[in-house]
There are 2 protein chains.
Amino acid sequence: MLIRKLESIAPLSDEEREAIHGLPTKIRTLQAGQNIVHEGDKPSQCCLIVEGWACRFKILGEGRRQIFSFHIPGDTPDLQSLHLHTMDHSLATITEATVVLIPHDRMMDLTMRFPRVGALLWRDTLIDAAIFREWMAGIGRKSAFGRIAHLFCEMYVKLEAVGLAGDNRCPLPITQAELGDALGLTTVHVNRTLQAMRGQGLITLRGNTLVVHAWKELCQSSEFDPAYLHLAKTG
Amino acid sequence: MLIRKLESIAPLSDEEREAIHGLPTKIRTLQAGQNIVHEGDKPSQCCLIVEGWACRFKILGEGRRQIFSFHIPGDTPDLQSLHLHTMDHSLATITEATVVLIPHDRMMDLTMRFPRVGALLWRDTLIDAAIFREWMAGIGRKSAFGRIAHLFCEMYVKLEAVGLAGDNRCPLPITQAELGDALGLTTVHVNRTLQAMRGQGLITLRGNTLVVHAWKELCQSSEFDPAYLHLAKTG
DNA sequence: CGGACAATTGATCTACCTCAAAATTGGTGG
DNA sequence: CCACCAATTTTGAGGTAGATCAATTGTCCG
């Protein structure tokens, strides 16, 4: 799965592919709402999500929480721990999930022996940062409506890229409280804004499934431009 | 300067040091408020700030702007263009500035020949992302007061790390409008909040200089914990 | 069927925004 | 050294998106 993702950007040599394949992998299945790594930890391995959803977040005082990202199969959400040894935030599952754990030393070894593979992983963390910037712009400068719509567009495109969305429909196992924590809103306001979006016939969101009825309008109202995701097609 | 920064994390071999030294560098002096790279560009070089301040930002519709980061001497703010070829945001000077431009191909060559140097540069971009997350948490979940105070703490610590701050005093050549665009606030509200901060005797901000009168209170009121900056001392 | 979690509703409040004008400041040229 | 300009900072008045608090309803699932 990691190979497939990396090759979507640049082809790998047999040698490189083999080296990735040779990484020792520990597969683990986790319950929903379980921490993978916690702020302050010094993990010795990093994880690849094979199935399910996860999110990264930080708890502030008085019950406030900021979610930084949602992660889906194919993502390596804590790659940064390879070079920044102390976690400055937490990573937890949202749904039941299957993850693969890869020891840091082996990963490091891989990037030293095959700098081109390292570059692809580096690239992945740069896209991560690009998504952070986009969220920041949303939280800082967009309306609640625009922020939620933008997140829907982003998740749809990301899911589509790994074959998990299509036909204007994608999974979205996220509660309104989580949406609020990701977008800097309260649950109540997320709820009311969702009702407005439904009222305008833009989307349906029921039973962990999002259906987009008017993609173009959704993009427009949220100023969504997928360039920042740097997907293969878009360059 | 780049060598000094990288060596603050891990020592370099003579060979590595020499390779960095051997990079072709074009020095340029820029006026204040000048674009270095623009959203949509495909730059063929990346820049190191030698003197002056810069910021990264994105323009949204209707005069809205989000500033993602402020950059000071020693920073390499567009390192990401090495792997993400199309800029998804812009980089511009805030003050008059001196920058060094390094061709991508030479930089890439360096990281391929010396993966350890590549790793240090990678690390730098990961800290960049950590700062984005911290800003996101601020914009999403903190009061105007907390956000401004937090930015002051962050800039002070970053400047101190490169020897540009000390004695509770540091340069801060940022207008209130820029502060607002960075923190998701209006100029008017930034102004009023600053007055409150002054009123409480926490800071003085005049003539592009910030003086912190009560560091501890400033940190507390903004929930500032420098761990996310991953400075050498802190690990 | 019951319990826990998630979604929804209502009423009220406030931190921050908008608009518009005035006062300061710093730099510049004469 | 002063007058002037443009950019900043500051002030005032009034408005609103989104927060807060407190139930109530719906849904999933063992």
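Because only heavy atoms are used, hydrogens play no part in the values below, and waters and symmetry mates are left out as well, while side chains stay in. Below, read A as the first sequence line, B as the second, and so on, with proteins coming before strands; counting in each chain starts at 1.
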Point to revise | By salt bridge (Lys or Arg N to Asp or Glu O under 4.0 Å) - contacts of B/Asp88 (at least two apart) | key: A/Arg133
Exercise for review: Give, ordered by number, those residues of residues 195-205 of chain A having at least one heavy-atom distance below 4.0 Å to an atom of DNA chain C; if nothing qualifies, reply none.
Suggested key: A/Gln195, A/Arg198
Review point. Under the side chain to side chain contact (heavy atoms under 4.5 Å, CB included) test, which residues partner B/Thr125, sequence neighbours left out?
Key: A/Trp122, A/Leu126, B/Leu79, B/Trp122
Check your understanding: Which parts of residues 180-190 of chain A get close to DNA chain D, meaning a heavy atom less than 4.0 angstrom away?
Key -> A/Gly184, A/Leu185, A/Thr186, A/Val188, A/His189
Review point. At how many degrees, to 10°, do the end axes of the helix from C/dC1-D/dG30 to C/dG30-D/dC1 meet when each uses five pairs?
Key: 50°
Check your understanding: What pairs meet the side chain to side chain donor-acceptor pair (under 3.5 Å) rule with one or both residues in residues 93-103 of chain B, with sequence neighbours excluded?
Key -> none
Expected list for residues 60-67 of chain B: side-chain donor-acceptor pairs under 3.5 angstrom, two or more places apart:
unit_1, atom_1, unit_2, atom_2, d
B/Arg64, NE, B/Gly61, O, 3.0
B/Arg64, NH1, A/Arg141, O, 3.0
B/Arg64, NH1, A/Glu223, OE2, 3.2
B/Arg64, NH2, A/Glu223, OE1, 3.0
B/Arg64, NH2, A/Glu223, OE2, 2.9
B/Arg64, NH2, B/Gly61, O, 3.4
B/Arg65, NE, B/Asp181, OD2, 2.9
B/Arg65, NH2, B/Asp181, OD2, 3.2
B/Gln66, NE2, B/Asp181, O, 3.3
B/Gln66, NE2, B/Ala182, O, 3.1

Exercise for review: Any side chain to side chain donor-acceptor pair (under 3.5 Å) involving residues 205-222 of chain B? Give me the pairs, sequence neighbours left out, ordered by first then second residue.
Suggested key: B/Thr204-B/His213
Check your understanding: Partners of A/Lys158 by salt bridge (Lys or Arg N to Asp or Glu O under 4.0 Å), sequence neighbours excluded?
Key -> A/Asp75
Review point. Taking the nucleotide of DNA chain C with the closest heavy atom to each, which residue, B/Arg206 or B/Phe145, is nearer the 5' end?
Key: B/Phe145
Exercise for review: For A/Ser143, answer base if it contacts any base atom (sugar-phosphate contacts may also be present), sugar-phosphate if it contacts only those atoms, and nothing otherwise; contact means non-hydrogen atoms under 4.0 Å.
Suggested key: sugar-phosphate
Point to revise | Within residues 55-64 of chain A: residues closer than 4.0 Å to DNA chain C (heavy atoms) | key: none
Check your understanding: Between which nucleotides of DNA chain D, 5' to 3', does chain B make heavy-atom contacts below 4.0 Å?
Key -> D/dT8 to D/dA13
Check your understanding: Pick the nucleotide of DNA chain C nearest each of A/Arg141 and A/Ile174; which residue has the one closer to the 5' end?
Key -> A/Ile174
Exercise for review: Kindly write out the residues that satisfy side chain to side chain donor-acceptor pair (under 3.5 Å) with A/His104, not counting sequence neighbours, or none if the list is empty.
Suggested key: A/Ser81
